[in-house]
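One structure is given here, and the rest of the page talks about it.
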Amino acid sequence: MEYNFRSIEKKWQDEWKKSGAYRVSNNSSRPKYYVLDMFPYPSGAGLHVGHPLGYIASDIVSRFKRLQGFNVLHPMGYDAFGLPAEQYALEHGVHPAKGTAQNINNFRKQLDNIGFCYDWEREVRTSDASYYKWTQWIFLQLFHSFYNRQLQKAVPIEQLTAAFEKEGNSNHPCPGDPKIVFTATDWKGYSEKEQQDILMHYRLAFCGYGEVNWCEALGTVLANDEVVNGVSERGGYPVVKKKLRQWYLRITEYADRLLSGLKTIEFSEAMQEMQSNWIGKSSGAEISFSLDGHTESLVVYTTRPDTIFGVDFMVVAPEHEIISRITSPEQQAVVDNYIEYVKSRSERERQAEKKISGCFTGAYAINPFNGRKIPVWISEYVLAGYGTGAIMAVPCGDERDFRFAQHFSIPITNIIGDAFDGTDANPTKDARLSNSDFLNDIPMREAIEIVIEKLENMGMGKRKVNYKMRDAAFSRQRYWGEPFPIVWKNGIAYPLSEKELPLLLPDVESYGPGPDGEGPLANLNDWKIVGDGIRETNTMPGYAGSSWYFLRYMDPQNDKEFCSRSASDYWNQVDLYIGGTEHAVGHLLYSRMWTKALYDLGHIGFDEPFRKLLNQGMIQGSSRFVYRKKGTQQFVSAGLAGSMETDKLHVDVNIVDGVELDIEAFKKWRNGEYAHAEFILEDGKYICGSEVEKMSKSKFNTVNPDSLVEKFGADTFRMYEMFLGPVDQSKPWDTKGIEGVHRFIKKLWRLFFDEEKGRLWNEENPTAPELKVLHRTIKKIEEDTERYSFNTAVSSFMICVNELSDLKCHKRAILEPLLILLTPYAPHVSEELWHALGNSNSVLDASFPKFDPATLVESEKEYPVSINGKMRTNITLALDASEEDVKAIVLANEVVQKWVEGKPLKKFIFIKGKMINVVI
RNA sequence: GCCCUGGUGGUGGAACUGGUAGACACGCAGGACUUAAAAUCCUGUUCGCCGCAACGCGAGUACGGGUUCGAUUCCCGUCUGGGGCACCA
C-alpha cells in the first residue's frame, strides 16, 4: 500500500466534518483551554505561506491539549471592516460587503486545505450587524462611564452627576481639562449643554478635537499609510495637519493598570517592555515660568527639575497655542514661516529628523529662582501631545538640547562641573550640582525632590506623573466601519438606547468623502437627519471590533447579550494567544483596556484578556531577480550582470528552481510579456539574483500554500512550516526543504506498510531499545510542544522514525503511541494509520501517552574530557563513580597524559553526568 | 531619531540552566538497485593544514574587547538584517 495523501486527507476531513469532531461545548466536566489566533483581516491577496505559521502552531497546541484531556476552544473569524475593502470599493464600485465576503470565502477554502481544527460554528465577522450591534453596545457602555480615580475603576456616569450635585467636582478633577473646576451650585446652574460638555470631558468614550492628515485635493483624511513623504500616495497631492472633531477612548485613565497588569500575564519581556515604553510613565514636575511682559505663564513638564539652573532656553511645540500671544512683532514673519513648514511634517519625520530647525519667538521666560531671562524658542522636536507641549532646555544635560544650543549659538550654562566636557551633553543624575544657587554641591538625584518641594511651596509648580501614551483616536471619516449610535442635537451627543441597536450601516451610492472632511455617510441626508437631530457620520476604526472578539467566540449566537456571563465565566481568559509582534502596542493595548472596562462595569469576571501571548515570527520572501540589459530584451545571468548596465527586475519565484530560471516558463509569464526575450547564460543556465524581503504580491515572492498542499499534502505542509525554525523568529521561506519532511512521513508509513507485502505491523513485545526510543520521543515531544519548540519536535519525530527503521521495529506497542504523539502535527496520516491498526474511535480523542522514566535509565556515560577547556577525548565511566575514582581513571588515560606532558595538575573539574576538565 | 528583536556550515536550523558547536533536514558529491527514470537505500560533507589513509593539528558561532577552569550562551563597545512608532490590519 502506498501513502496516498490526497485521498487520505480528503477522507478524514470529510469524516471529521460529518462527525462534528471539532464542535466545542460550553458544558464540560473537563478543564477548559482557550487557544486563539490573532484575528485575520481577509485580504484580497489571499493566504501566502507566512499566514498559516501561527495557525499551525495554535492548531498543534489545541490538538495536544485535547489529547491531554482538556475541553479546547479554538475558534476563527474575520476582522472584516477595514480600509483595503473600502479602497477597492472606491476604485471599482463594488460594495465592500461583497468584496469582503468573497475574500472570506477564498480565505476559508485555503484554511480548510490545511486541516485546522477550528469550530466553525463559532465563526464571527465584525461587519455582520449581529456582531457590530454589540460593538456599538460596548461603545455605549464606555460612553456612559467615567474613570473614578478614587476607586481606580470605571463606573456609570450617573455616579458622577450625583457627586456633582452634592459637591461639584472637587473630588473628581477633570481628566479632559484640569482647568474645569466648579461647585455644586455652579453645576446646578449650568444649562444642559454646559453640563453635557463637562461630562464629555469625563466619559471613557468621548468627543474632542484632534489632528489628522488632511488632503485638500482629495477632500479627505488619509491614513499614515496613504501618506508618503508629505504627499498623498494616490495622486501625490500635498497633505497637511488639520484639526477635526474626533471620538476618543480615554485609555490614559487606564495607563497605570495597563502597566501593572503586565505583571499578571505571560507576555515576553520584549512585549512588556514595548508596552511599558508606549505607556511611558514618568514622574517629574510641572513648572510655571512667568513670561517677561505677559500676564500668562509658560508651563513646562520636566523629569529633571534638579537642572533648573541649567535652563538656557525654552522650547514650545509649533502647535502650542501660546505662540500666537507671545510672539514679538519682529519675529512674527519668521514664526509664521516656521509653523507653515512644520504643518507639512509628519510626527515621525519630526522625531527622526537629524537636521536641527527652530525659531525664536522673541519672548522671554523668567527663572522662578534667580529671575534670569530665558529665550523662548519653537522647534519641531517638541511634540504638542506630550506633557504640556513645552520643555525647559538644559543643554549641558540633554543631547538634543545641546545640539539645538550649538546650532543656534545659545550660550550653555554648566551646572555639573567636570561631568560636562563642553563637547557632549551628559544626562547623569549622579553629579553634584554647581552654578545652582541653593542646590550647589547637592547630588542631582537628591535635588529633584528639593526643587519640587520648593516649587510647590512657592506655588510655581507641582509634582506630576506623566504618560507618553495619548487617548486613542476612535473615529474615522470612512464608510466601511461601525456607525456610532449617536445623534447630535444642538451640539449635544445623545446616545441611542440599547433597544435601537444595531444602528445599521446604510448603503451609499459613492464611497467618496462627504463635505468638510466628513466621511461618506455625511452624503446621506435621509439617513443622517433624524427629527431635529443629526446622526454622527464618523465610523469606528478597525480596532473596535477586534478589541473584544475573543469574548464573542465564547457565545457567538447570543442575541440577548454580547456574551453570557456563564460562558465568559467558563472560558475565562484566553490561555494562549498567538500572533505577530506588529500588534504589540495597538490591538494588544486596546483589547486589554476594553477588557478592564467591561470588568469594571461587571460584565465579565477577569480584567486581562490574554493569559499568555506567543509571538510568531514573520516569514519573509526570498525574492528572485533577472537582469535586463538597458534598453534591450536581453536578459543576463546574475554572474555576468555586474559587468554591464542592467535593470534589476523581480521575477516570480514560482518559475525559478533554486536560483535557476525556468526560461520556458519565463517566456509565458505575464501573458507572454517576455516571449521574445533573449538570454545570455552561464554554463548553459540562467542564474537569478536573490534577496530576502517582505513577502508580498508586488515582489512576486509569495508562495501559495494551496499548491504545496496539492503537491505534498497538508500533513507535510504543516510539519514543514514548523520544521523551518523557531516559531517566534523571522525567517525566509524556501520551498526546497519540504521534501525532507515528506520523506519522513513516507518513511513512517513504511513502518506500517510495505508496497508489495502490505501490512507490516505485529503484536510482538517491544525490546528495551525500542521502548527507549519511544519513551525518549514521548518525553521530547511533550516537553517541546509544551514550550512551543515545534521545530525540534519535528526533528525528534524524524530521529524516532529513523531509529525505529534501523531497529526494523514494526510493533504495535511502539507504533500506536507514536501515532498519538504525531496527531497534533500530522492529524490526517495519524488518523489513517490509527484506523489501519484496527481502532474504531478517532485518534483525536486518544490519550496522550505517559512517559516512563524507567525505560531511559543508564548506568554509564561517555564523558567528554577537556584539557584546559579544549575537548580532547571521551572516556566512558559509570554514572555512580566517585570523583576520586574518576580522577584516577582520567589522569591515567593515555590521551590525557599525552596532553598533560607531566605538568602539575592545577585543578580537576568534574561535573557529574556532564563533563570533565583537567586544568594544568 | 526612538523602542523591540535577530546575526552559528553552501542553506533552514540544533545545542533548553555557562559544560562534546553544527543534531535534524535541504543542497551537493560518490555509490547501490533499475534497460532507463522515479522512488528507495548506503557513504561523505564547517574551514584550513599534513597525509595514501586511519588519524593528527590549527582556526571557528557578525566584528573588537572582557569575566570564567570552560562562553554560541554572561558583560562592554562596534557593524548589520527585521518589526513597530499612535488612521494598514
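In the text below, chain A, chain B and the rest are named by the order of the sequence lines, each starting its count at 1. These values consider heavy atoms only, across backbone and side chains, with no hydrogens, waters or symmetry-generated copies.
Straight-line distance between the P atoms of B/rC75 and B/rU17: roughly 14 Å, to the nearest whole Å. B/rG19 and B/rC57: their C1' atoms are spaced 23 Å apart (whole Å). Rounded to a whole angstrom, the distance from the P atom of B/rC55 to that of B/rU43 is 16 Å. Rounded to whole Å, the P atom of B/rC16 lies 34 Å from the corresponding atom of B/rA29.
One atom, CG of A/Asn615, and another, C1' of B/rG6, lie 14 Å apart when rounded to the nearest Å. Rounded to whole Å, atom C1' of B/rG13 lies 13 Å from atom CG of A/Asp728. Rounded to whole Å, atom P of B/rG56 lies 15 Å from atom NZ of A/Lys870. Taking atom CZ of A/Arg350 as the reference point, atom P of B/rA86 lies 12 Å away to the nearest angstrom. Counting to the nearest Å, the C1' atom of B/rA14 and the CD1 atom of A/Ile799 are 9 Å from each other. As rounded to whole Å, 12 Å separates atom C1' of B/rC87 from atom CD of A/Glu347. If you take NZ of A/Lys731 and C1' of B/rG83, they are 14 Å apart, rounded to a whole angstrom. Between the C1' atom of B/rG82 and the CD atom of A/Gln620 lies a distance of 6 Å, rounded to the nearest Å.
Nucleic acid contact for A/Leu724: sugar-phosphate only, since backbone atoms but no base atoms lie under 4.0 Å from a heavy atom of the residue. Residue A/His583 is classed as a base contact, given a heavy-atom separation below 4.0 Å to a base. Note on A/Met798: only backbone sugar-phosphate atoms sit closer than 4.0 angstrom, heavy atoms only; bases stay farther off. Contacts of A/Pro40 with the nucleic acid, taken as non-hydrogen atoms under 4.0 Å apart, are absent. Residue A/Ile911 is in base contact, counting any heavy-atom pair closer than 4.0 Å across all strands shown. Nucleic acid contact class of A/Trp899 (heavy atoms, under 4.0 Å, all strands): sugar-phosphate only. When heavy atoms are screened at a 4.0 angstrom cut-off, A/Lys746 is found touching the sugar-phosphate backbone but no base atom. Residue A/Gln246 is in base contact, counting any heavy-atom pair closer than 4.0 Å across all strands shown. At the heavy-atom level, A/Gly542 lies nowhere under 4.0 Å from the strands shown. Contacts of A/Asp79 with the nucleic acid, taken as non-hydrogen atoms under 4.0 Å apart, involve only primed sugar atoms and P, OP1 or OP2. Base contact: A/Val221 has a heavy atom under 4.0 Å from a base atom. A/Val212 comes within contact range of at least one nucleobase, with a heavy-atom separation under 4.0 Å. A/Ser796 comes within 4.0 angstrom of no nucleic acid atom, judged by non-hydrogen atoms across all strands.
Between A/Arg787 and B/rC16 there is no side-chain N or O to OP1 or OP2 distance below 4.0 Å. Here A/Asn802 does not reach the OP1 or OP2 of B/rA23: none of its side-chain N or O atoms lies under 4.0 Å away. Residue A/Lys736 has no polar side-chain atom (N or O) positioned under 4.0 Å from OP1 or OP2 of B/rC26. Within the structure, a side-chain polar atom (N or O) of A/Asn791 is placed less than 4.0 Å from OP1 or OP2 of B/rA14.
For A/Thr792, the side-chain atoms get nearest to B/rA15 when compared with the rest of B/rG58, B/rU20, B/rA15. Closest approach to the A/Lys898 side chain among B/rA15, B/rC57, B/rG27 is made by B/rC57 (side chain taken as heavy atoms from C-beta onward). For A/Val919, the listed nucleotide lying nearest its side chain is B/rC69; candidates were B/rC87, B/rC69, B/rG84. The side chain of A/Glu582 has B/rG84 as its nearest neighbour among B/rU40, B/rC26, B/rG84. Looking at the side chain of A/Arg872, the nearest of the listed nucleotides B/rC85, B/rC88, B/rC57 is B/rC57. You'll find that the side chain of A/Asn224 is closest to B/rC88, out of B/rG83, B/rC88, B/rC24. Distances from the side chain of A/Ala473 to the nucleotides B/rU20, B/rC87, B/rG13 place B/rC87 closest.
The neighbour count for A/Glu269 CD, taken as heavy atoms of other residues, nucleotides or ligands under 6.0 Å away, does not exceed 12. Counted within 6.0 Å of NZ on A/Lys242, heavy atoms from surrounding residues, nucleotides or ligands total more than 12; the atom is thus considered enclosed. Within a 6.0 Å radius of CD in A/Glu894, no more than 12 heavy atoms belonging to other residues, nucleotides or ligands are found. In this structure, A/Tyr41 places its OH atom where more than 12 heavy-atom neighbours from other residues, nucleotides or ligands lie under 6.0 Å away.
Place A/Glu211 and A/Ser795 on RNA chain B by their nearest nucleotides, and A/Ser795 ends up nearer the 5' end. Residues A/Val741 and A/Arg478 each lie close to RNA chain B; by heavy-atom proximity, the contact nearer the 5' end of the strand is made by A/Val741.
Separation of the A/Tyr131 and A/Trp548 ring centroids falls under the 6.0 Å cut-off. The aromatic ring centroids of A/His742 and A/Phe5 lie less than 6.0 Å from each other. Close placement of the A/Tyr720 and A/Trp733 rings is indicated, their centers lying within 6.0 Å of each other.
Searching all strands for a Watson-Crick or G-U wobble partner of B/rC16 with both distances below 3.5 Å returns nothing. Pairing partner, B/rG81: B/rU5, with both Watson-Crick or wobble hydrogen-bond distances short of 3.5 Å. When both distances must be under 3.5 Å, the Watson-Crick or G-U wobble mate of B/rC57 is B/rG48. The partner of B/rC26 is B/rG10, by the rule that a Watson-Crick or G-U pair needs both atom distances under 3.5 Å. Base pairing analysis places B/rC41 opposite B/rG31; the two distances defining the Watson-Crick or G-U wobble pair are each below 3.5 Å.
Between the side chains of A/Thr785 and A/Tyr825, a donor-acceptor pair is found at a separation under 3.5 Å.
Checked for salt-bridge contact, A/Glu319 and A/Arg350 meet the test: a charged N lies under 4.0 Å from a carboxylate O.
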Polar atoms only, N or O, under 3.5 Å: list the protein pairs with nucleotides 41-49 of chain B and their distances.
residue, atom, partner, partner atom, Å
B/rC41, OP1, A/Arg750, NH2, 3.1

Protein and nucleotides 1-5 of chain B: nitrogen or oxygen contacts under 3.5 angstrom:
residue, atom, partner, partner atom, Å
B/rC3, O3', A/Asn277, ND2, 3.1
B/rC3, O2', A/Asn277, ND2, 2.8
B/rC4, OP1, A/Glu273, OE2, 2.4

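When atom types are taken as modelled, the side chain of A/Asn615 and the backbone of A/Gly579 share a donor-acceptor pair closer than 3.5 angstrom. In this structure a side-chain-to-backbone donor-acceptor pair under 3.5 Å is present from A/Arg592 to A/Leu258. A donor-acceptor contact shorter than 3.5 Å links the side chain of A/Glu86 to the backbone of A/Trp480. Remark: the backbone N or O of A/Phe267 is paired with a side-chain donor or acceptor of A/Gln272 at under 3.5 angstrom.
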Verdict with reasoning, A/Ser357 to A/Glu380, per side chain to side chain donor-acceptor pair (under 3.5 Å) = CA-CA 7 Å; A/Ser357 74; A/Glu380 61 175 336; 3.2 Å; yes
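Remark: the A/Glu226 side chain and the B/rC87 base include no donor-acceptor N/O pair separated by less than 3.5 Å.
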